[in-house]
There are 2 protein chains.
Amino acid sequence: MITIYDIAKKANVSAMTVSRVINNTGKISEATRKRVKQVMEELHYVPNSTARSLVLQKTMMLSLLITDITNPFFTTVARGAEDTARKFGYKMLFGNSDEDYTKESEYVDSIVSTRVDGVLFAPAGDGSLDHLTRLQKHRIPFVILDREVPGIESDLVLGDSKEGARRLVEHLLQLGHRRIALVNGSPDVSTARLRQQGYADALKLADIPYDDELVVHISYRDFRDDGALDRLLGLERPPTAIFAANNVLAVGMIRALRERGLRVPDDVSVVCFDDLGLASVLDPFLTVAAQPAYQFGALGVQMLLERIEAGPELQRRTIMLPSELMLRSSVRPLADA
Amino acid sequence: MITIYDIAKKANVSAMTVSRVINNTGKISEATRKRVKQVMEELHYVPNSTARSLVLQKTMMLSLLITDITNPFFTTVARGAEDTARKFGYKMLFGNSDEDYTKESEYVDSIVSTRVDGVLFAPAGDGSLDHLTRLQKHRIPFVILDREVPGIESDLVLGDSKEGARRLVEHLLQLGHRRIALVNGSPDVSTARLRQQGYADALKLADIPYDDELVVHISYRDFRDDGALDRLLGLERPPTAIFAANNVLAVGMIRALRERGLRVPDDVSVVCFDDLGLASVLDPFLTVAAQPAYQFGALGVQMLLERIEAGPELQRRTIMLPSELMLRSSVRPLADA
DNA sequence: TTGTAAGCGTTATCAC
DNA sequence: GTGATAACGCTTACAA
């Protein structure tokens, strides 16, 4: 491996001078600078950032931890994060927790050991508390993405889960639906709780009693659970509409409905949180509350870099990003409203 | 930051003993081992992998470079790669080139400087030659994913582009289509050339003349180019079917067709390479040659680790993964076959 | 079984 | 302007 000493020797200077040329620090005569640069080119020298990290105590590396790389919402978040990190000269260490606390914990170990400069962290759920506390103990700055974790104070980039949910449900109500099911993520996740609140709020405003039978919980990552749907369809008064708390759940419900010979929206209407990426281009069908996923990532990295710069003195900040209602064709008005 | 010296002092041993306990090397009495472990727990010690990397000349980090994080094919590749890397204790540095040679070049700089142990590299195209040569110069092992680059000899994980294309086109021919358009990626990309060959082979076998007018090139990442479709539709004898060389192009074509009031498959049939992720679950509509994306990533990392282990002596290997024809409903038989 | 010394490739500090 | 030296946190080689 070529080091600054190899360069130094060949250019007849000290290693220190080479270092100065590389970093553009200190005073250097134009002549030696040129000579050193020349030799660096010749030998294809590339600085060893491991060595640099060790002495500088800075890795120029951020970590991005998401919960579902299969979900277009998160891949778009990743894209925003990655673009922004690159723009500022940071590398991106990537992790996918699959909403699995064990995996998440392993990633935190790895993150701490790697001494990344900061972490963009989409928590698996409330049980991520320990992991985030561990980061705090090691003074690794982080910004939490998408989900709050009770007990953790930090910078946050969140969506307007409650508000978005309320608007989706109100949309269904306006079209005459009265039996609206909520297919939700785990109550262990803050967004699931908030979306449920939004759902309940909308019903309350419309003077419709909240019916526990209409609310089921699956994992945000599961599009294969048919039991939930069967339970809903088996009710004495089955729902005429389903509010799925995220895009993956919605896809699962629609698939299951179709497999049972039911049509969307003719037999059952469906709406959900988060857009679908390519699927929405292919067929703009599903009515959704679309979150600005790219912004989640981009603003998250921006906040993170500011936090790294400023240290813990800086006041904690929360960015709340609104979602946009995309009215498409997965909902039909109910004739006998 | 807590170092082995802090542990050593508090446990009344030398740093070396601490190192031995951490790495389970050398002989250590059970008593001291216990004492050292105890202190490490107390102080929440985590080894500094930067320091370790510097002395070991090994970062335990792989780099994954893909061309389109928006494409479900590549996110699934990433998932396979990530899972496998983690299983073997490797971290994953992530990059998204967007098929942009400039971005790709920047990533290669970053990769070389970071001294990752190996790279899983999906090249932007033939122009990636320089970048791969640069990796070779620095003796960084890599496995090329999805696309061959003329002039580079390396381990490879490829799909059966030619064969898959041929089968897709033969499927269309069997159903009576004679005017079949090819909407292809850039000829700068090996898969685009091979898919074109497969297309041509199928036509030849069926004694149908190859018609240059029916072949257009767009970027594999572009689902917004409407000009291509308009050109095809404007032909004296427009196509009755479109073979899109990847999923993104297919989505773009279908969108554009629908915007022009044309229906798939009633007016035009569409098939493509690569499946669509969630969109295919939501609505198994598009007939595709599905590639085993997860395997691309998983086997790629496996090959890469073997290469890292074995060094350049090991014979180069190519894994060719077959694709699976998924017959769905985006194709209709032509009555007047 | 444990410890000492040197070195991984870089930069900060101080001296010339 | 330029250079010598120590330090970043760890492990290898050798000594005790």
Side-chain angles (χ1 to χ4, degrees), chain A residues 1-37 39-40 43-61 89 91 110 112-117 138-140, chain B residues 1-37 39-40 43-61 109-117 138-140:
Chain A
M1 174 183 295
I2 309 286
T3 74
I4 47 171
Y5 283 94
D6 300 316
I7 309 293
K9 196 186 295 179
K10 192 156 182 190
N12 271 313
V13 293
S14 75
M16 210 36 231
T17 301
V18 178
S19 174
R20 288 195 180 99
V21 170
I22 294 167
N23 297 295
N24 264 311
T25 55
K27 304 265 167 214
I28 299 228
S29 81
E30 210 34 58
T32 50
R33 151 167 286 118
K34 228 174 198 160
R35 190 150 34 92
V36 169
K37 286 218 158 172
V39 176
M40 293 199 310
L43 301 188
H44 300 293
Y45 170 77
V46 179
N48 181 326
S49 52
T50 303
R52 190 180 272 171
S53 292
L54 187 59
V55 52
L56 257 33
Q57 304 281 46
K58 199 162 186 335
T59 54
M60 292 306 279
M61 214 162 355
K91 292 159 254 172
S110 161
V112 171
S113 159
T114 310
R115 305 314 201 244
V116 300
D117 296 335
H138 289 281
R139 298 182 198 296
I140 299 181
Chain B
M1 174 185 293
I2 309 286
T3 75
I4 47 170
Y5 285 93
D6 300 315
I7 309 294
K9 196 187 296 180
K10 193 156 181 192
N12 271 314
V13 293
S14 75
M16 212 29 237
T17 302
V18 177
S19 174
R20 291 196 179 98
V21 170
I22 293 168
N23 297 297
N24 264 314
T25 56
K27 303 267 169 214
I28 298 228
S29 80
E30 208 36 57
T32 50
R33 155 168 281 118
K34 226 174 198 159
R35 191 150 34 91
V36 169
K37 285 218 157 172
V39 176
M40 293 200 310
L43 301 188
H44 300 293
Y45 171 77
V46 178
N48 181 327
S49 53
T50 302
R52 190 179 273 173
S53 293
L54 187 58
V55 52
L56 257 36
Q57 304 281 44
K58 197 165 188 335
T59 53
M60 292 305 281
M61 216 164 350
D109 286 343
S110 162
I111 283 167
V112 172
S113 160
T114 310
R115 304 314 201 243
V116 299
D117 297 334
H138 289 280
R139 300 183 196 295
I140 299 180

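Here the structure is a predicted model, which is why all the values come from computation and not from measurement. First the proteins, then the strands, lettered A, B, ... as listed; each starts at 1.
- Using a 4.0 Å heavy-atom distance criterion, B/Ile4 is classed as a base contact.
- OP1 and OP2 of D/dC10 both lie 4.0 Å or more from every side-chain N or O belonging to B/Ser19.
- The nearest pair of heavy atoms linking A/Arg52 to A/Pro47 is NH2-CB, 3.8 Å.
- Across C/dG9, D/dT11, D/dA4, the shortest atom-to-atom separation from the side chain of A/Met16 is found for D/dA4.
- As a whole-Å value, the separation of B/Tyr5 OH from D/dC10 P is 9 Å.
- The only member of A/Ile7, A/Val13, A/Thr17, A/Val21 that meets side-chain contact (heavy atoms from CB on, under 4.5 Å) when paired with A/Arg35 is A/Val13.
- Contact annotation: B/Arg52 reaches the phosphate of D/dT11 (side-chain N/O to OP1 or OP2, under 4.0 Å).
- Within the structure, every side-chain polar atom (N or O) of A/Ser14 is placed at least 4.0 Å from both OP1 and OP2 of D/dT2.
- For A/Thr50 and C/dG9, the shortest distance from a side-chain N or O to OP1 or OP2 is not below 4.0 Å.
- Rounded to whole Å, atom C1' of D/dA7 lies 14 Å from atom CE of B/Met1.
- The side chain of A/Thr32 places no N or O atom within less than 4.0 Å of a non-bridging phosphate oxygen (OP1 or OP2) of D/dG1.
- A sub-4.0 Å separation between OP1 or OP2 of D/dC10 and a side-chain N or O of B/Tyr45 is present.
- Taking atom CG of residue B/Leu56 and atom P of nucleotide D/dT12, one finds them 6 Å apart after rounding to whole Å.
- At the phosphate of D/dC8, neither OP1 nor OP2 sits under 4.0 Å from any side-chain N or O atom of B/Asn48.
- Residue B/Thr3 has no polar side-chain atom (N or O) positioned under 4.0 Å from OP1 or OP2 of D/dC8.
- Remark: B/Ser53 is not in phosphate contact with D/dC10, judged by side-chain N or O atoms under 4.0 Å from OP1 or OP2.
- For the pair A/Thr3 (side chain) and A/Tyr5 (backbone), a donor-acceptor distance under 3.5 Å is present.
- Atom CD1 in A/Ile28 sits about 12 Å away from atom P in C/dT11, given to the nearest Å.
- Between A/Gln57 and D/dG9 there is a side-chain polar atom (N or O) within less than 4.0 angstrom of OP1 or OP2.
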